[in-house]
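Let me begin by presenting the structure, written as C-alpha cells, before commenting on it.
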Number of protein chains: 2
Amino acid sequence: MKLDKLDLKILKHLQEDSKMTNKELSNLLDLSVTAVYERIKRLEREGVISKYVALVNPEKVDKGFMVFCQIKLIQHTKSYLTKFEEEVTRLSEVLECYHVSGEYDYILKVLVKDMEEYREFMVTKLTNLDHIGSTLSTFIISKVKNTSAVNLLS
Amino acid sequence: MKLDKLDLKILKHLQEDSKMTNKELSNLLDLSVTAVYERIKRLEREGVISKYVALVNPEKVDKGFMVFCQIKLIQHTKSYLTKFEEEVTRLSEVLECYHVSGEYDYILKVLVKDMEEYREFMVTKLTNLDHIGSTLSTFIISKVKNTSAVNLLS
DNA sequence: ATTGAAAATCATCAGTA
DNA sequence: TACTGATGATTTTCAAT
C-alpha cells in the first residue's frame with residue numbers, strides 16, 4: 001500500500017494520541033475533515049493501523065517489575081516449538097515473546113508486581129512448560145525509553 | 001489509588017480497544033454512561049491510563065525487522081550513563097531502552113526495515129555514541145506474542 | 001458515587017466538483 | 001481524491017439524589 005506524506009503525518013499523530021479528532025488533524029494538515037476521515041478509514045481497512053488502545057501505567061496497577069527472560073528449549077523439533085509457543089501465549093504475565101537468533105531460542109518480556117511474583121511465575125508457570133531447557137532472567141533497573149510509535153518520517 | 005473491580009474491567013476493555021464507547025462499556029458493566037465516563041476521567045487524571053494510541057503494523061510501513069541490542073558501556077560513572085541515556089532516547093529507531101541487570105548494561109528494542117538498515121543504524125548512530133563498549137545483537141525470527149495490555153485481573 | 005437528560009461536539013455519509 | 005452540508009451518535013456537563 002502506498003502511503004503519501006499526509007498519511008504518514010496522520011499516523012505520526014495518531015500513534016502519539018489517538019483521541020485527536022479529525023477536526024484537529026484537518027487543521028494541522030490543511031485538509032477537510034472528510035479527507036482526513038477517509039484516509040484514516042483506509043489506513044484501518046488496509047491494516048496499517050492495527051488497533052486503538054489505552055496504555056496503562058504498570059506501576060499504578062501494581063505491575064512495576066519487568067523482566068526479560070531468555071529461554072532455551074531442550075530440542076528444536078517443530079512440534080516442540082509450536083507447543084511452547086501456544087502455551088507461552090496463554091500466560092498473561094508475558095506481554096511479548098519472540099523467537100530469536102543467538103544462544104537462546106526465545107525472549108520474553110514479563111510483567112509482574114515484584115521479585116516474589118516473578119519467582120512464583122517462574123516456578124509455577126514457566127518452568128512447568130514442556131521442553132524448557134535453560135533460562136536467563138535479566139531484570140529491568142530503570143526504563144530509559146518506551147514508546148509504541150513506529151518511526152515513520154525518516 | 002484504589003481500583004475496584006469495575007475500574008479493572010474498564011481498563012481491561014480499553015487496553016484492547018480504546019474506541020469502545022462509554023455506552024458499550026455501560027452495557028457491559030451494567031452502569032450508567034456517566035458513571036463509566038467519570039471513572040474513565042478519574043483513571044486518566046490519576047495517570048492509570050497514560051495515553052491513547054493507534055498501533056501501527058510495522059510491516060505495513062516498511063519496518064519489519066526487529067532487533068534486541070544489548071550494550072555494555074566502557075565505564076559506569078553517573079555522567080556516562082546519563083549522557084548515553086539522553087542520546088539513545090533521541091534515536092527514532094529505538095522504541096525501547098532499559099537499564100538492566102546482568103552482563104550488559106542496557107537492552108534496546110530497535111525497529112528498522114531490514115538488515116541493511118540495521119547495519120546503517122549500528123555504524124552511523126549507535127556505535128557513534130560516547131562510552132559504548134561492546135554490543136550484542138539478537139535478531140527476531142518471528143513474533144510469537146505482542147500485546148500492550150498489562151495483566152490486570154489475576 | 002450514581003443517575004437522567006440537555007448541550008456541545010464529533011463521526012459518518014450523500015451528493016458533487 | 002477531496003469538499004460541503006446534513007444527520008445521527010457520542011461525549012461532556014449539570015442538577016438532583
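Lettering of chains follows the sequences in order, A, B, ..., and the numbering in each one begins at 1.
Taken residue by residue, residues 9-31 of chain B places heavy atoms nearer than 4.0 Å to DNA chain D at B:Thr21, B:Asn22, B:Lys23.
For the pair A:Glu38 CD and C:dA11 P, the computed distance is 13 Å after rounding to whole Å. When rounded to the nearest whole Å, the span between CG of A:Leu43 and P of D:dT1 equals 11 Å. Rounding to whole angstrom units, OH of residue B:Tyr37 and P of D:dT12 are separated by 5 Å. Distance CD1 (B:Ile40) to P (D:dT10): 14 Å, rounded to an integer number of Å. Between B:Lys2 atom NZ and C:dA1 atom C1' the separation is 17 Å, expressed in whole Å.
One side chain, B:Tyr118 or B:Ser137, offers a donor N or O that lies under 3.5 Å from an acceptor on the other. A donor-acceptor pair shorter than 3.5 Å can be found between the side chains of B:Asp105 and B:His76.
Comparing C:dC13, D:dA2, C:dT3 by their closest approach to the side chain of B:Ser32 singles out C:dT3. In the set D:dT1, D:dT4, D:dT11, D:dT11 carries the atom at the smallest distance from any side-chain atom of B:Val33. With C:dC13, D:dT12, D:dA2 as the choices, the nucleotide that has an atom nearest any side-chain atom of A:Arg39 turns out to be D:dA2. Closest to the side chain of A:Arg42, from the set D:dT1, C:dT3, D:dT4, is D:dT1. Distances were taken from every side-chain heavy atom of B:Leu6 (C-beta onward) to each of C:dT2, D:dT12, C:dA14; the shortest belongs to C:dT2.
Judged purely by atom type and a 3.5 angstrom limit, B:Asp17 has no side-chain atom pairing as donor or acceptor with the backbone of B:Leu14.
A salt bridge between B:Glu96 and A:Lys143 is absent, with no side-chain N of the basic residue lying under 4.0 Å from a carboxylate O of the acidic one.
Taking the ring centre of A:Tyr52 as origin, the terminal cationic atom of B:Lys19 falls inside the region bounded by 6.0 Å and 45° from the ring axis.
A distance below 6.0 Å separates the ring centres of A:Phe68 and B:Phe68.
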